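Lettering follows sequence order; numbering is per chain, from 1. It should be emphasised that the depicted structure is a prediction, and the values quoted were computed from it without experimental measurement.
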2 protein chains.
Amino acid sequence: MEIETVPASAPHKGRPREFCVDAALASALRVFWSKGYEGASMADLTEAMGITKPSLYAAFGNKEALFNKALDLYEREKLDYMHAALDAPTARGVAERLMRGALDMYSCPENPNGCLGVISSVACGAEAECIREAVVARSAAAKRAMLDRFARAKKEGDFPPDTDAEGLAAFLTAVNQGMAVQAGAGATRAELERLVETSLKLWPGR
Amino acid sequence: MEIETVPASAPHKGRPREFCVDAALASALRVFWSKGYEGASMADLTEAMGITKPSLYAAFGNKEALFNKALDLYEREKLDYMHAALDAPTARGVAERLMRGALDMYSCPENPNGCLGVISSVACGAEAECIREAVVARSAAAKRAMLDRFARAKKEGDFPPDTDAEGLAAFLTAVNQGMAVQAGAGATRAELERLVETSLKLWPGR
DNA sequence: CGACTTATATACCATCCGTTATGGAAATCG
DNA sequence: CGATTTCCATAACGGATGGTATATAAGTCG
C-alpha cells in the first residue's frame, strides 16, 4: 500500500483527488497486459482507469512512467510466486513451484492471457525500445537468481557434479516463456497442465 | 520463384515495373521480422523496400496483405527445416532436428532476432488482431503436424505406450518458443546452444 | 507516330497518437 | 469570507499513421 503522491504527512491542501491511484494503476496494468505497451493507447488506458488524460499525466507522469509503475505492480503481485519458488528445499521443488506457479497465473480466468514480461520483451516499434530494455533487464535478473539457486543446488548434491546448471536455468526459463506464449495464444489450462506435467517428468532427479 | 502479378503469359503492356517484387518482399519480411506488424510503419517498409507507397499498394494491396505474403515467404524459406525435421526416422531425431534447426535460424547473424511467428502472436493493438489470429492458426497447424508425428512414433515404439504424445508436442513447442523469446531478447548462440543441449539431454530415450 | 496501359512521384487526406494549455470546480488556510 | 492550491474537464496541439488522388513518365500496340 502506497501513500499516493506526496511523502506521507500531507494534510491535503487543494482539491482532493477523486480516484484511487492504486485501483487506477491496477486497471492500467490490465490494459498493458492485454495489449502490450504500444498496443495500449492513452484512450484505452484512460477509459479503463476511469479518469481523464490530464489526471493520468498529473498522477503518473507519462505513458512510459505509467508502464513502469504497472510493471512494478505486476512483479510485486503476480510474480511473487517466483521468490517463494526459489526457497523450495530442492532444485526439483524449485522447478515444480516455478512451473505450477506460472501455470496458475496463466490459467487464472481473471488475468489477461500470457505474460506481461514476454509480451513486452518481443520486438516492437522504435519508441518502445527503452521499455523492452527495461523488461529484458528485469527478466535477466530473475534468470540470474534462478541460476544462483541451481548452482547452490549443485553444491548441495541435488544434481550430479557434471550438470550444466546454466543450461537447466535456460531450459526452465524457456519452458515458462513457451508456456506464456501458448497461454497468450489462447491455450486452455488443460493444455498448459499437460506441458507442465511433461516438463516435470523430464526434469532430472527423483 | 513467382511470376510477378499476372498469370504468366503477359507480354507486359504499359510501363514496366522498376523493382523486383521478390526482393522487395524479402526486404519487407526483414522489417516485419525486426519490428513486428504494428511496429513496422509504412515509412519503414517503403524505405527498406526502396519503393514508394503507391508502388507498394499497387504491387501488394495493403499493409495486411503485404504482411501475409511476407509470412508466406517466411514459412517457405525459413521454416522449411520443420518439414525436414518431421521426416527424421525417430521421434528423438525429430526433436533434435527441430531444435537444432531453430537454433541455426535464431543464431544466424543475417537474420533479425527472434521468430516472426512468436513476435506476431503475442498480444498487440486491436488492428492487429486478425494478424494475430492468422499466425496462431498457422502455428497450430505446425503443432498438429508434430503431434501426428509423435503419435506415429508412439505406435512405432519410439516411446513407451503410456507416453503423453500431446504433452511432448507441447513441450517441444514450448522450448522452441522459449528459445525464440530468448533469441529476441538478445541471447548469444552459446546460450541457445546450451538450452538445446540441455533439452536434448532431458528428452526421453537414449 | 499517336493511343493506350501501367508505374512512378508528389502531394495530400482523415484519423489517431501522446501530450499539454486553458478555464472552472472543490477543497484548505488565513 | 477571500486567497490559495490542487484537481477535473474540454479542447486543442504538432506529429505520425495508413491509405489515395493526381499528374507525369515509360513502356507496348495498332
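When distances run from any side-chain atom of B:P16 to the nucleotides D:dT10, D:dA21, D:dG27, the shortest one goes to D:dG27. The side chain of B:K63 sits closest to D:dG18 out of D:dA9, C:dT8, D:dG18. Looking at the side chain of A:K53, the nearest of the listed nucleotides D:dT20, C:dT10, C:dG18 is C:dG18. Distances from the side chain of A:R15 to the nucleotides D:dT17, D:dA12, C:dA26 place C:dA26 closest. The side chain of A:F19 sits closest to D:dC8 out of D:dC8, C:dA9, D:dG19.
Computed from coordinates, the A:M42 CE to D:dT17 P distance equals 18 Å when rounded to whole Å. Per the geometry, CG belonging to B:L45 stands 12 Å off C1' belonging to D:dT17, to the nearest Å. At whole-Å resolution of the value, CZ in B:F60 and C1' in D:dG19 are 16 Å apart. Atom-to-atom, CD of A:E127 to C1' of D:dG15 comes out at 12 Å; the value is rounded to the nearest Å. In this structure, the CG atom of A:L56 is 13 Å from the P atom of D:dC7, given to the nearest Å. Between the P atom of D:dC8 and the CZ atom of A:R17 lies a distance of 6 Å, rounded to the nearest Å. Straight-line distance from the CD atom of A:E38 to the P atom of D:dA16: 15 Å, rounded to whole Å. Rounded to an integer number of Å, the gap from B:Y57 OH to C:dT10 P is 18 Å.
In this structure, A:S55 does not reach the D:dC7 phosphate: none of its side-chain N or O atoms is under 4.0 Å from OP1 or OP2. Contact annotation: B:T52 does not reach the phosphate of C:dT8 (side-chain N/O to OP1 or OP2, under 4.0 Å).
Remark: aromatic rings of A:W203 and B:F171 are distant, center separation not under 6.0 Å.
Because its NZ or CZ atom is both nearer than 6.0 Å to the ring centre of A:Y37 and within 45° of the ring axis, A:K63 counts as a cation-pi partner of that residue. A cation-pi geometry, defined here as NZ or CZ lying under 6.0 Å from the six-membered ring centre and within 45° of its normal, holds between A:R17 and A:F19.
Side-chain contact annotation: B:Q182 with B:E191, donor-acceptor N/O pair under 3.5 Å absent. A donor-acceptor contact closer than 3.5 angstrom is absent between the side chains of B:T173 and B:N176.
Remark: the B:K13 side chain and the C:dT6 base include no donor-acceptor N/O pair separated by less than 3.5 Å.
Between A:E18 and B:I51, the residue whose closest nucleotide on DNA chain C is further toward the 5' end is B:I51.
In this structure, A:A40 reaches the sugar-phosphate backbone alone: every heavy-atom distance under 4.0 Å involves primed, P, OP1 or OP2 atoms, never a base.
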